[in-house]
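Note sheet for the following structure.
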Amino acid sequence: MKARLELIPIKDGHWGSADGASQDANASRRFTKSEWEMTMSQSVMNEVLPDDQQEPRQEGARKTANRFADLGVHVTGTESDAAVVSAAAKLGEMFGAHLEGLLTNHIPAPPAVAAPGVDALAADLRRRGTETGNALFAKAKERLDGTGLRSDLRRVDGVALDFVEATARLARATDLFAIAQPGKNDVMMTPVLEGVLFNAGSAALIVPKEAAELGELETVLIAWRDTPECARAIAAALPLLQRASQVVLVSIAENGSDEERHREPAADTARHLARHGVNVEVRHVPRWKHPAEGILDQAQIVGAGLIVLGAYGHSRLREMILGGVTRELLETSRLPLFMVH
């Protein structure tokens with residue numbers, strides 16, 4: 001007889017079980033062979049190994065784990081660089097990666113009018129901006145050198161559009177690009193994030209300024225949706241997922257249709273990760289009014305040190321338009337976010 005895992009809502013907003021067992025015993029678990037049978041056709045089921053045959057396969061996958069060879073990191077030459085450089089350095093140590101620093105130095109543009117003195121004003125702005133940039137560059141280089149890792153530092157002077165283009169060029173040639181978490185109305189950091197996510201289509205590590213040290217990332221949470229953005233984020237984060245002791249794939253319910261038909265929409269992703277040697281568990285969370293809050297709540301419950309998710313939105317008329325959940329996580333998360341559009 002095939003096993004059937006039945007989850008029902010309980011009062012605190014998580015899932016419980018029909019037989020009254022504890023939340024953690026049912027809301028989060030590794031898939032057993034019988035549970036795979038519940039979610040897969042027989043032809044797919046035949047490809048899944050029994051539990052007693054999976055460990056050698058996982059160990060073999062770990063031996064061929066992917067790695068990050070180079071990491072981009074955005075710096076400003078100020079104290080706000082501390083958290084993001086620390087996070088990039090930690091990943092650099094994990095993977096033996098080279099750090100590619102990018103300093104963006106804002107030089108205001110003169111008024112776009114034909115008036116006496118405009119040329120002199122532009123020259124003065126350029127001179128003062130260059131002097132400021134020189135000082136910031138020296139501080140940023142000192143911080144990168146202090147990591148003890150191999151690193152380079154380049155600099156771009158200009159305005160927001162220059163930063164978008166320069167960041168995109170470097171992000172396309174690195175495995176991951178780390179930037180500090182932008183503030184709600186941060187007109188300087190937002191172009192950098194836009195360059196990585198939308199112009200380059202690369203992976204971004206968003207580091208909150210007050211984030212604790214990155215640590216060993218023993219537990220990683222995936223904010224799962226059945227979308228191309230989420231699939232790309234998981235693929236890009238695979239080197240980290242393979243190193244983690246526990247990966248928790250959290251699915252926030254958007255409707256009840258999949259549960260009512262007893263289908264597991266995250267099963268294929270979990271199986272794919274397991275074949276890469278990832279120790280993965282799945283959690284189902286009922287519909288939240290604000291899904292971002294549900295994701296952060298689950299991250300706290302499982303003790304995650306990193307959240308992996310797809311970035312939803314687009315860039316239009318030189319303005320980055322983010323989806324609601326993406327924007328809310330960017331503004332409120334106190335954990336690093338690994339994002340791909």
Side-chain angles (χ1 to χ4, degrees), residues 12-14 24 28 71-76 78-94 143 176-190 192-194 196-197 203-225 229-230 233-234 236-237 240-241 243-252 281 283 285 288-313 320 322-341:
D12 63 1
H14 302 288
D24 286 341
S28 176
L71 303 169
V73 54
H74 174 257
V75 291
T76 61
T78 66
E79 286 304 311
S80 64
D81 293 338
V84 69
V85 171
S86 174
K90 181 63 178 179
L91 293 180
E93 292 171 2
M94 285 183 185
R143 189 180 294 276
L176 176 64
F177 202 99
I179 73 171
Q181 184 179 39
K184 190 170 184 179
N185 297 305
D186 194 333
V187 296
M188 297 308 301
M189 291 299 299
T190 300
V192 176
L193 180 60
E194 180 178 358
V196 176
L197 291 179
L205 179 69
I206 317 299
V207 183
K209 294 180 176 65
E210 65 275 22
E213 186 174 342
L214 198 58
E216 295 299 324
L217 296 179
E218 290 294 315
T219 301
V220 177
L221 182 144
I222 298 174
W224 186 84
R225 291 183 67 191
E229 292 87 349
C230 185
I234 291 172
L240 289 171
L241 302 179
R243 290 181 63 96
S245 298
Q246 180 186 42
V247 173
V248 182
L249 193 155
V250 172
S251 174
I252 304 289
E281 300 180 8
R283 277 182 176 251
V285 180
W288 282 63
K289 182 177 180 180
H290 299 289
E293 293 180 3
I295 293 168
L296 295 175
D297 178 71
Q298 288 296 307
Q300 183 177 17
I301 289 172
V302 303
L306 176 72
I307 299 175
V308 175
L309 70 155
Y312 303 97
M320 183 171 60
L322 296 174
V325 175
T326 304
R327 183 178 62 253
E328 189 173 348
L329 284 172
L330 277 173
E331 293 174 355
T332 63
S333 178
R334 295 298 172 260
L335 292 174
L337 304 172
F338 188 110
M339 307 175 74
V340 178
H341 175 59

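- In this structure, the side chains of R243 and L217 stay at 4.5 Å or more apart for every pair of heavy atoms.
- For the atom pair CD of E213 and OG of S86, the computed distance is 5.0 Å after rounding to the nearest 0.5 Å.
- With D81 contributing its side chain and T76 its backbone, the two residues share a donor-acceptor pair below 3.5 Å.
- Summarising the geometry of A87 relative to V207, their closest heavy-atom pair is CB-CG2, 3.8 Å, with the distance given to 0.1 Å.
- To the nearest 0.5 Å, atom CG of residue L205 and atom NE2 of residue H74 are 14.0 Å apart.
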Practice problem: Please test V285 against I295 for side chain to side chain contact (heavy atoms under 4.5 Å, CB included), starting from the C-alpha separation and ending with a verdict. | Solution: CA-CA 9 Å; V285 180; I295 293 168; over 6 Å; no
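- Using a 4.5 Å cut-off on side-chain heavy atoms (C-beta onward), M189 and Q181 make no contact.
- Rounded to the nearest 0.5 Å, atoms OG (S245) and CD (E218) are 3.5 Å apart.
- Using a 3.5 Å distance cut-off with no hydrogens or angles, the side chains of E281 and Q246 do pair a donor with an acceptor.
- With contacts defined as side-chain heavy-atom distances shorter than 4.5 Å, the pair L91/L240 qualifies.
- Smallest separation of non-hydrogen atoms from G310 and A233: N-CB, 4.1 Å.
- Residue A299 comes nearest to I307 through the heavy atom pair CB-CD1, 4.1 Å, listed as atom of the first residue, atom of the second, then distance.
- Two residues are said to be in side-chain contact when any heavy atoms from C-beta on lie closer than 4.5 Å; L221 and L306 fail this criterion.
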Practice problem: Check the pair I222 / V250 against side chain to side chain contact (heavy atoms under 4.5 Å, CB included), numbers first and verdict last. | Solution: CA-CA 6 Å; I222 298 174; V250 172; over 6 Å; no
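- Contact annotation: the side chain of E79 approaches that of R143 to within less than 4.5 Å [non-hydrogen atoms, C-beta and beyond].
- For the pair I206/I179, a side-chain contact is recorded, criterion being any heavy-atom separation below 4.5 Å from C-beta on.
- I301 contributes atom CD1, which lies 13.0 Å from atom OG1 of T219 (distance to the nearest 0.5 angstrom).
- No side-chain heavy atom of V248 sits less than 4.5 Å from a side-chain heavy atom of V220.
- Contact detail for A180 and S80: the closest heavy-atom pair is CB-O, 4.5 Å.
- Side-chain atoms of L249 and V247, non-hydrogen and from C-beta on, never get closer than 4.5 Å to each other.
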In residues 331-338, what donor-acceptor pairs under 3.5 Å come from side-chain atoms, sequence neighbours left out?
residue : atom : partner : partner atom : Å
T332    : OG1  : E328    : O            : 2.7
S333    : OG   : L335    : N            : 3.0
S333    : OG   : L335    : O            : 2.8
R334    : NE   : E210    : OE2          : 2.6
R334    : NH1  : E210    : OE2          : 3.4
R334    : NH1  : T332    : O            : 3.2

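- The CD1 atom of I234 lies 12.0 Å from the CD atom of E229; values are rounded to the nearest 0.5 Å.
- Across all their heavy atoms, T190 and P182 have their closest contact at OG1-CB, 4.4 Å.
- Pairing each heavy atom of G92 with each of L71, the nearest pair is N-CD1, 3.6 Å.
- A donor-acceptor pair under 3.5 Å links the side-chain atoms of H341 to the main chain of A311, judged by distance alone.
- In this structure, M339 CE and L309 CG are separated by 4.5 Å, a value rounded to the nearest 0.5 Å.
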